[in-house]
Each structure stands twice: as structure tokens, then as C-alpha cells.
Amino acid sequence: MTSTDMRTEAEDSGPSGYAAARLRLLQEGARSGPPRRSALAELTDDWLTGLFDAGAEKLRGVSLVAVGGYGRGELSPRSDLDLLLLHDGSADSGAIASLADRIWYPVWDLGLDLDHSVRTPAEARRTAGEDLKVQLGLLDARHLAGDLGLTAGLRTAVLADWRNQAPKRLPELQELCAERAERQGELQYLLEPDLKEARGGLRDATALRAVAASWLADAPREGLAEARKTLLDVRDALHLATGRATDRLALQEQDQVAAELGLLDADTLLRQVYEAARVVSYASDVTWREVGRVLRSRAVRPRLRAMLGGGKPAPERSPLAEGVVEQDGEVVLARAARPDRDPVLPLRAAAAAAQAGLPLSLHAVRRMAAAARPLPTPWPAEARQQLITLLGSGPSTIEVWEALEAEGLITRLLPDWERVRCRPQRNAVHIWTVDRHLIETAVRAAEFTRRVHRPDLLLVAALLHDIGKGWPGDHSVAGEIIARDVAARIGFDRTDVATLATLVRHHLLLIETATRRDLEDPATVRSVAEAVGSQGTLELLHALTEADALATGPAAWSSWRASLVADLVKRVSAALAGDDPDEPEAAAPTAEQERLAIEAFRTGGPVLALRAQTEPPAEASTEEPPVEPSGEPEPLGVELLIAVPDQKGVLPAVAGVLAMHRLTVRTAELRALELPDGVSGSVLLLDWRVAAEYGSLPQAARLRADLVRALDGSLDIAGRLAERDAAYPRRRGIVAPAARVSVAPAASRLATVIEVRAHDAPGLLHRIGRALEDAQVRVRSAHVSTLGANAVDAFYVTGPDGSPLPGEQAASLARALEDTLRE
């Protein structure tokens, strides 16, 4: 059925005919995107015109006007209808109200959302002057039916008002956009973005149209229309997939939306959304900067003219680097600059802008993108140094880098960047796309350039450490190959190329080892020393590790992790210096730990100490603790020390008691502590960091009493946890990946290392401990950490005789534990 046939059906059959024609249109697979939106708008126009004409036969000076998105002729499947019933005030108010009812009620009867108003032109202008959102909607006013002159007069008046009031209203609009971005986040980085409200979304695209209508400034148009079309197409598919008027692209709908659009998968969908949002965001940045420049110029010019006696003053230009100057708060090219003869100019201009904390002008970037010649291979030394200067400029690097990327200069300089550009990371810990994370890591690494002997290698390693995520397989392995190629191309010598490749290959080594391995085990230190190879590389890897974690997100780094990594680095450094890692000096227990151990041995039962800790122990680090945005030291929760005479079932008992009391385990360590001379026996020492899931912390005496009962078997922990889960079911918004359990080969000569990766949940550690006890293995030590919603644990286990498990038994244990966690 053609669009004409659908409109005829809608006109002939009334609301039911419109509903049928609308449904048929939305189900047409061959028509989507702008054609379908336009057809839906035309179909709706004809229906509403019929309703208006039937009720306004004897009325004059009345018109029906579409505003907002409907005014632009862009109707998504579940879009609301924005309508204005306009009248000149001459008709009887009762007749106007009756006409409004004849239009509004059929719309409501079909279940369509309606934003409606009845106003005279004067009332509409007055309301627009008071409410910026109303004024923005009227900028897209479109005549539907009735008195065309009345509608045209309102449009002319509203546009004139907008242009006259632009110096006042545009800053207000900019503030509105900034407040919305603060609430909704940036569309180009969110895993579940709001296509309309988030920064870089459809609201911002509409704001850019309003700026253009003011004649004060205009947005960069290249790619903007296509970006806006992409976001509208995705919203259409989202409406069809959900059957709801929603703008949030939730995880559970992304596969269906991707299929609706004919895309490969949800990642492909997100990447398209991110690319579109990036275009809108960049256009917004440039446009608002131009608005500010114009408004400042208008404010200053009258005073200058009065001082100079008329005429237009020449803009001030301050040199920043060869071929690069500052003008009017932006970095532009000097008049003598020749991008076609100076291939280093883009990097030089970018480095100068970042160092000065200024934006690169849009004109300058586009001129360089159009005219600059490619750099030779290998790069000249100046190009390499300018890149390092750019990367080491801190937060100002980000805006400059995004300007280069918007015009394709980054992928021209680093072709491998294309694979990570706008690539999503489906990990609750990561808050950035891969490419933005790499830049954020370089920004963080810039803070540590005073801690290393080769800051250039640190910054380049930060830029490249996750470059392999655009390739299949282990991204560290793929990244090593890419890093070698990139490092050679940009001009590093063979030794530096090898160092950068090592840093990329092992950029996760320190954090994974420190949080998952027993640092008292000689094999742990030896394996890290062999992978790193030199003190200089270890120094760089330490700084890269911290920069990477800080750039990942707030859940990826803490004072505790910093102290563990520092401890590991100290041990590896000693090994590289020639100390024998096979016989490390055991860490001496603190006075409190020794006291608790002796008391536990003397009493034959558990002893514990519970105390708040807001900063790391003094001996853990000589540096200041990380500070949260509030300015207070990062809270580490509560330290819980437990000493128990060595016996079976300690781990599941302690973990179960903590779960019963709704204590979330942030970190946990378990190890055997030998008693002082003259006291025979062994005590298990458990060092936990816990936090109350909600409410207040339990009393230490209550914890100890429950722990005594758990150890003697009189407290049914599993039953209590099951009862609580049945009474208060835990609801999750996403389906978590299945748990994974593996044996770490050659991780230790003294024990078998079982690694567990699972979604964190109450009682998880209790279930793991029970499964290990049921397998009749002894937990020699445990290293537990919770990273966001993910539990990453390592258990050093032995057989009853204290020896590592045979290979097949270890593999069988891992399979059994994995099956337990999947139940």
C-alpha cells in the first residue's frame, strides 16, 4: 500500500483507520529511516487536519500548528505529538475549547502521548519569553491546518524574538545543555546511553539548530546531519523493539535493536552511536566556543571603537611555536605556515595548544587535514618529541586530541587507532571507550613523569597499552606486536622498541600478580622479574600500572592496591638487584597480629579485632593516599583481623558469618602464622577489609559468637543465607557472565593456584570455601579482591600432605568449583 492509500484510509475511517494505517506503515520492513519518519508525519498531518476541519467549519482566525520534533516532520514510532492550537482571540472561548477537545481526545483514545496548548500569538510569544523550552519548540513550528497567515505570523515573530534576544538566551541554552550533560553523562561513553538527553544526543543536535537560527553562530555541518540521522534511526529501532516511547538504549535491547538496523551485533551498534555522538559533541564544543567569542567581541568592540576613534581593530596574534599562533583564545596557524611543506605542523600545533591550555581552531585543524603531507617513516625526531609533548600535557591533551581525531588526523598519524576508535568496553569497571581510555591513561601518566627515568617511554606506553583490543585474542599479545610496529615507525631505537613492547605485553602483570598471588612465594617474585627483565622497565611498569588503573574508573584503584603493587615492586627490584628470591624474608607479624594469634592459641577459639581504617598503614607507603573529589582520604572501610587455631572449615565459616551480617568483602588475605619461639602450633590469620552493605556494622562480640557457632557446626550458615535470599531476592539488572575457574600453571612451586572469576554476590566466598573443603584440599593462602561487580580471587591449595595437587586432580577441582558457582 502506498503512502497515498494510507492517507486515504486514515481520512475515510477516522481514528481506527489512522491506527491501522500507522501500524501498517511501521511494519513495512522496506521503509525505514527518514522516509518512514516523513511518511508517519504526513499520515499524522492528514488525520489531524481532518479532525481540525471537522470541528472548525464555522471558526475563523484559528490554526493547528505542529511544534518540536513533530514540527520538524520527524516522528519516531512512539514519539509524542507536540501541538499548538493557535487562535487570534476573536472566536468564542467555548468554541475554541470544543475544537481542542475534538482534536485532543481522539489522540488520547489511541494511546498516543500528547503535548498540547491553546494560545493566541501574543500568549505564545510571552510564554516563549518565559520558558526557553517552549521557545525552542516554536522555532520548529509547522502549519498543519486552518489560518496559514496566523501560523506564518507567529513563526516570523518567534524567529525575530529569538534573534533579538540571542545574546541573552544563548548563554541560558548553553547552561541548560551543560546541566543536562552533568545529569545524563556523555553519550559517546555510556553502555546504556540516553539517545536524547545525554551529551552528544538529539537534544544537543536540536540546540545546534537553535544556535544556527539565531544567526549569531553556526555549527560545523560536515557529518552533523548524518550523525543526527544515525541517532534518530537507532531511536526508531528502539521504539519498535520495546514498543515504548523510550530513549534509553538498555543492554537487554541492544541486540534486538542491532538486528532491526541490520547490524552485525550490539558492539557494532554502540560504535555507530558513539561515532554519531562524538560528531555532535565536537560540533557543540566548537559552536559554543564560537558563540562565546562572538558575544565577547560584541561586548568589547564598542569600547575599542570609542578608544580608537572608529574602525575595526586588528586581532592580536601571539606566537606559540613555528607556524602556530594564539588568536582570540584559540590556536591558529600563522599566516606564513605551509602545511603542505611542513608534515610536522599538525603535531606541533597540537602540542602548542595542549601546552598552552587552548583549543585548536576548527579552521586550523581542517586546513591541516586538507593540506598536510604524511610524515616519513620513521618519523623525524621533532615529530616524535611533539607527540610526547602533546601526551604529557595533562588534561588539556584531551580536547586537542579530540579535535585532531574529528578531522581524521589521528588515524592518519597512527593507522592502528582506527580499530580502537569508539570501541565500547562491556565491563562495569571501565567508564570509557578504548580510545578515550588510552588518552586518559596518558593524562594520568603525565602526573608520574617525575618518577621515571624515561618519561617518553611511559607516555607512549600509556597511549598504546590497550591498542590490541581492536584485534581478536589476548589484547596484550596483539598489542605487543602493534606496539613494536608503531614504536619503530615513530622513530624509537631498537632498545626502546623492545622496552615499549614489554610494557604493553605485561601492562597487567603487576596488578594481577599483587592481588592474586602470594607475594611470600619465591616463584611469584621470580616470574615477575623474568618477565620484566630490568630495573628501568620495572620502574616504568609500576607507573604505567597506576596510570592505567586510575584511568579505568573509580573501582580500579585504591590505597590497598597501591600498597600491594608497591610491595611487589620492592621485592622484584631486590631480585633484579641480585637478591635471592627463593628465600625471601618472611613479613614479620605486627604486634597486634601476634597478640591475637597467641590469644587464639591460648583460648583454642577465634579472636578478632574490628576497627575503622581511613588511610593505609604508615609502613605501606610514604606517599600521600589518593584523595576523593570530596577532598577526604579514600575510605578503606573497616579492617577485620581474625586469628583462629589452624583447623578445617575456617574460610567458609568466616565468609559465611560475614555474609550473614551483610558485610561486603572488599579484600581478604588468609595465611598461616607461626607462633613465637617457645609456643608450638600454628594459627590462621585472616586480614579482611569489609564494609556494611547497608546499616551499621555489627558488634565484634556478635561476630565472634556467630563464628564460634559456625566452627563447631551449631550454626547452619547455608540455611540462614538461603532463608534470607528467599525472603529478600537479589535483583540484578543484567545477566552476568558465567563464573570461570582455572588452574594457574607454574604460578607456585609450593601450592596449586586456583583462580576464580565470578560476579560478586552475597555468600560467594562462603560457597567457594565450602566447595574447597568438600574437595578435601587445604587452603594454604587466599587472596581475594572485589573489583566493581567482579570477584577476582586466587587460592593456594595443597593436598592433605601439604604438596601441590597432581595435574588431573587440580583440573578436576577447577571444573567442580566452576559447576558449583554456575548452579
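Start at 1 with the first residue, then count along the sequence.
Open room surrounds CZ on Arg720; 12 or fewer heavy atoms of other groups in view lie less than 6.0 Å from it. More than 12 heavy atoms of other shown residues, nucleotides or ligands fall within 6.0 angstrom of atom CD in Gln535. Within 6.0 Å of CZ on Arg702 lie no more than 12 heavy atoms contributed by other residues, nucleotides or ligands. For Arg740, the CZ atom sits in a loose shell: 12 or fewer heavy atoms of surrounding residues, nucleotides or ligands are nearer than 6.0 Å.
A distance of 10.0 Å separates CG of Leu500 from CG of Leu458, quoted to the nearest 0.5 Å. Rounding to the nearest 0.5 Å gives a distance of 11.0 Å between OG of Ser781 and CG of Leu651.
At distances below 3.5 Å, not a single donor-acceptor pair connects side-chain atoms of His542 with backbone N or O atoms of Glu539. The backbone N or O of Ser742 sits nowhere less than 3.5 Å from a side-chain atom of Glu755 that would complete a donor-acceptor pair. The main-chain N or O of Thr820 is found under 3.5 Å from a side-chain atom of Arg767 such that the two form a donor-acceptor pair. Listed for the Thr524 side chain is a donor-acceptor partner under 3.5 Å among the backbone atoms of Asp518. Remark: the backbone N or O of Gly802 is not paired with any side-chain donor or acceptor of Arg778 at under 3.5 angstrom. Judged by distance alone, the side chain of Gln776 and the main-chain N or O of Pro800 form no donor-acceptor pair under 3.5 Å. Between the Gln254 side chain and the Leu191 main chain, a donor and an acceptor come within less than 3.5 Å of each other.
A 4.5 Å side-chain heavy-atom check between Leu509 and Val532 finds at least one atom pair inside the cut-off. Proximity of His430 to Arg436: side-chain heavy atoms (C-beta onward) are nowhere separated by under 4.5 Å. Side-chain atoms of His437 and His465, non-hydrogen and from C-beta on, do get closer than 4.5 Å to each other. Between Leu596 and Gln593, every side-chain heavy-atom pair lies at or beyond the 4.5 Å cut-off. For the pair Trp471 and Ile481, the minimum side-chain heavy-atom distance is 4.5 Å or more. Contact annotation: the side chain of Arg595 never approaches that of Ile598 to less than 4.5 Å [non-hydrogen atoms, C-beta and beyond]. Using a 4.5 Å cut-off on side-chain heavy atoms (C-beta onward), Leu503 and Thr537 make contact. Leu540 has its side chain out of reach of Leu544: every pair of non-hydrogen atoms, C-beta onward, lies at least 4.5 Å apart.
In summary, Arg770 and Asp774 do not engage in a salt bridge, as defined by a charged side-chain N under 4.0 Å from a carboxylate O. With respect to Arg571 and Asp567, a salt bridge is recorded, a charged nitrogen being found less than 4.0 Å from a carboxylate O.
Judged as a side chain to side chain donor-acceptor pair (under 3.5 Å), the pairs with a partner in residues 809-818 (not counting sequence neighbours) are, in order, Glu808-Arg815.
With sequence neighbours left out, the ring pair (Phe, Tyr, Trp, His ring centres under 6.0 Å) criterion links His475 to His507.
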